[in-house]
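What's counted below: heavy atoms across the whole structure, side chains too, no hydrogens, waters or symmetry copies.
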Amino acid sequence: MKWSAFLPLFLLPAAFAATKDKDAVREQLIDLAAKGNGLIKLDSKTFDLLTLPSRDWSASIQFTALDRRRRCAPCKEFDPSWNAVAKAWSTAPKEHRDTHFFGTLDFDEGQTVFQKLGLASAPLVYVYPAAEGPRQLPNGKTAPSKYDFSNGFEAEPLANHLSSHTPIPIPYRAPIDWARWATFISGILSLVLTLRFISPILQSRWTWAAITVLTSLTMTGGFMFTRIRGTPYTGPDGSWIAGGYQNQYGQEVQVVALIYGTLSFAFLMLTVIVPYQSSASRQRMQVYLWSAVIMLIYSVLVTIFRLKNRGYPFKLLL
């Protein structure tokens with residue numbers, strides 16, 4: 001008779017003891033999760049229990065450093081999101097909730113674990129898959145996977161990612177952002193009140209006439225030319241006129257637009273306002289005045305042409 005045939009009978013007590021120990025660990029983890037509102041506060045000992053090599057459960061673990069002495073601002077920023085996702089998982093049905101656990105290991109509570117894993121920064125999130133049982137990965141992998149924070153520290157993308165490792169999706173619902181809604185509603189009310197008071201101005205034809213004239217003068221002065229080419233506001237030496245007809249500075253746009261606007265205004269006064277003057281002497285005086293303005297401003301415009309192109313042969317007054 002071969003003694004190997006009786007070998008399984010000798011191994012049964014050991015296997016039964018291992019299963020019993022594993023069930024005891026599970027019950028301990030369930031109790032710790034219930035006390036922590038879905039989150040197990042880990043130390044070196046409970047970390048070893050949660051990542052037991054013979055585990056038939058999975059676990060998501062946050063490695064952090066929340067002590068004020070560590071000065072880890074990202075840890076404090078991420079911790080509320082982690083707690084919110086863990087709390088949401090605590091509302092899952094018990095048959096699913098007890099097969100995946102959430103834990104947090106602070107550096108000051110588990111320095112040996114940080115050293116063993118070679119962790120030099122925080123926060124980090126590792127997901128440990130089940131090593132045995134029906135939830136074991138098909139490829140048999142038991143090493144943890146790492147959350148990369150590519151979507152920041154927000155809770156919703158974290159819950160979406162971890163849901164691929166839990167038996168059912170994590171029932172996380174983002175809280176209502178009351179501050180955002182209050183800001184939005186305040187903005188709408190402010191806009192309505194503003195429109196109520198400025199609507200007469202917006203409905204006035206003179207408002208739109210002024211906007212149209214100013215836009216036309218700006219574009220005529222070469223605004224788009226300077227925007228497309230990205231020319232500087234002034235030259236390196238502080239000059240505001242660029243030599244050549246194919247060059248222009250930003251300040252030159254303002255000067256040319258002002259010149260065109262002044263000329264247009266002078267012609268407008270001569271053709272619209274002056275003919276309706278009741279006094280002949282006042283009419284004559286305004287004709288002389290606006291004619292002189294036109295001659296002077298046009299002389300400035302011609303002078304600018306001469307500055308941009310030294311070969312320009314014409315000039316007027318200046």
Legend entry - Whether T212 side chain and W208 backbone form a donor-acceptor pair below 3.5 Å: yes

Inset, instruction - Answer yes if the side chains of Q248 and T226 hold a donor-acceptor pair under 3.5 Å, and no otherwise. - result: no

Inset, instruction - Given side-chain contact (heavy atoms from CB on, under 4.5 Å), test T142 with Y128 step by step and report yes or no. - result: CA-CA 7 Å; T142 60; Y128 288 79; over 6 Å; no

Inset, instruction - Could you please spell out the steps behind the side-chain contact (heavy atoms from CB on, under 4.5 Å) verdict for W57 and L29? - result: CA-CA 10 Å; W57 59 82; L29 295 175; 3.6 Å; yes

Legend entry - Side-chain (E77) to main-chain (F153) donor-acceptor, under 3.5 angstrom: no

Legend entry - Worked verdict on F102 versus W82 for side-chain contact (heavy atoms from CB on, under 4.5 Å): CA-CA 9 Å; F102 279 80; W82 177 258; 3.6 Å; yes

Inset, instruction - Check for a donor-acceptor pair, side chain of E132 on one end and backbone N or O of R55 on the other, with a separation under 3.5 Å. - result: no

Legend entry - K76 (side chain) donor-acceptor with L66 (main chain) under 3.5 angstrom: no

Inset, instruction - Answer yes or no: is there a donor N or O on one side and an acceptor on the other, between the side chain of T231 and the main chain of Y249, under 3.5 Å? - result: no

Inset, instruction - State, yes or no, whether a side-chain contact exists between R135 and D56 at a heavy-atom distance under 4.5 Å. - result: no

Inset, instruction - Say whether, by atom type as modelled, one donor and one acceptor occur between the side chain of D79 and the main chain of C75 under 3.5 angstrom. - result: no

Inset, instruction - Report the C-alpha distance between F149 and F78 in whole Å, list the side-chain angles of each, state the deciding distance to 0.1 Å, and finish with yes or no for ring pair (Phe, Tyr, Trp, His ring centres under 6.0 Å). - result: CA-CA 10 Å; F149 292 103; F78 174 65; 5.0 Å; yes

Inset, instruction - Give a yes or no on whether the backbone of R196 and the side-chain of S199 come within a donor-acceptor separation of less than 3.5 Å. - result: yes

Legend entry - CA sep, side-chain torsions, deciding dist, call: F63, V113, side-chain contact (heavy atoms from CB on, under 4.5 Å): CA-CA 10 Å; F63 297 90; V113 176; 4.2 Å; yes

Legend entry - Lys/Arg-Asp/Glu bridge criterion (N-O < 4.0 Å) met for D67, R69: yes

Inset, instruction - Using a cut-off of 6.0 Å, state whether more than 12 heavy atoms not belonging to F184 lie near its atom CZ. - result: no

Inset, instruction - Could you tell me whether K116 and D48 have a side-chain N and a carboxylate O separated by less than 4.0 Å? - result: yes

Legend entry - Side-chain (T207) to main-chain (I201) donor-acceptor, under 3.5 angstrom: yes

Inset, instruction - Would you check if the distance from the ring center of W290 to the ring center of F267 is below 6.0 Å? - result: no

Legend entry - Point-to-point distance, once rounded to the nearest 0.5 Å, from NE2 of H100 to CD1 of I168: 11.5 Å

Legend entry - No-hydrogen, no-angle side-chain donor-acceptor test under 3.5 Å, D43 and T46: yes

Inset, instruction - Spell out, as yes or no, whether a donor-acceptor pair under 3.5 Å connects the side chain of T99 to the backbone of H96. - result: yes

Inset, instruction - State whether a side-chain donor-acceptor pair under 3.5 Å links R97 with S90. - result: no

Inset, instruction - Would you mind telling me which of L263, T262, L316 makes a side chain to side chain contact (heavy atoms under 4.5 Å, CB included) with L301? - result: L263

Inset, instruction - Look at K41 together with D106 and state whether they make a salt bridge at an N to O cut-off of under 4.0 Å. - result: no

Inset, instruction - Compute whether any side-chain donor of one residue and acceptor of the other, for Q62 and Y147, lie under 3.5 angstrom apart. - result: no

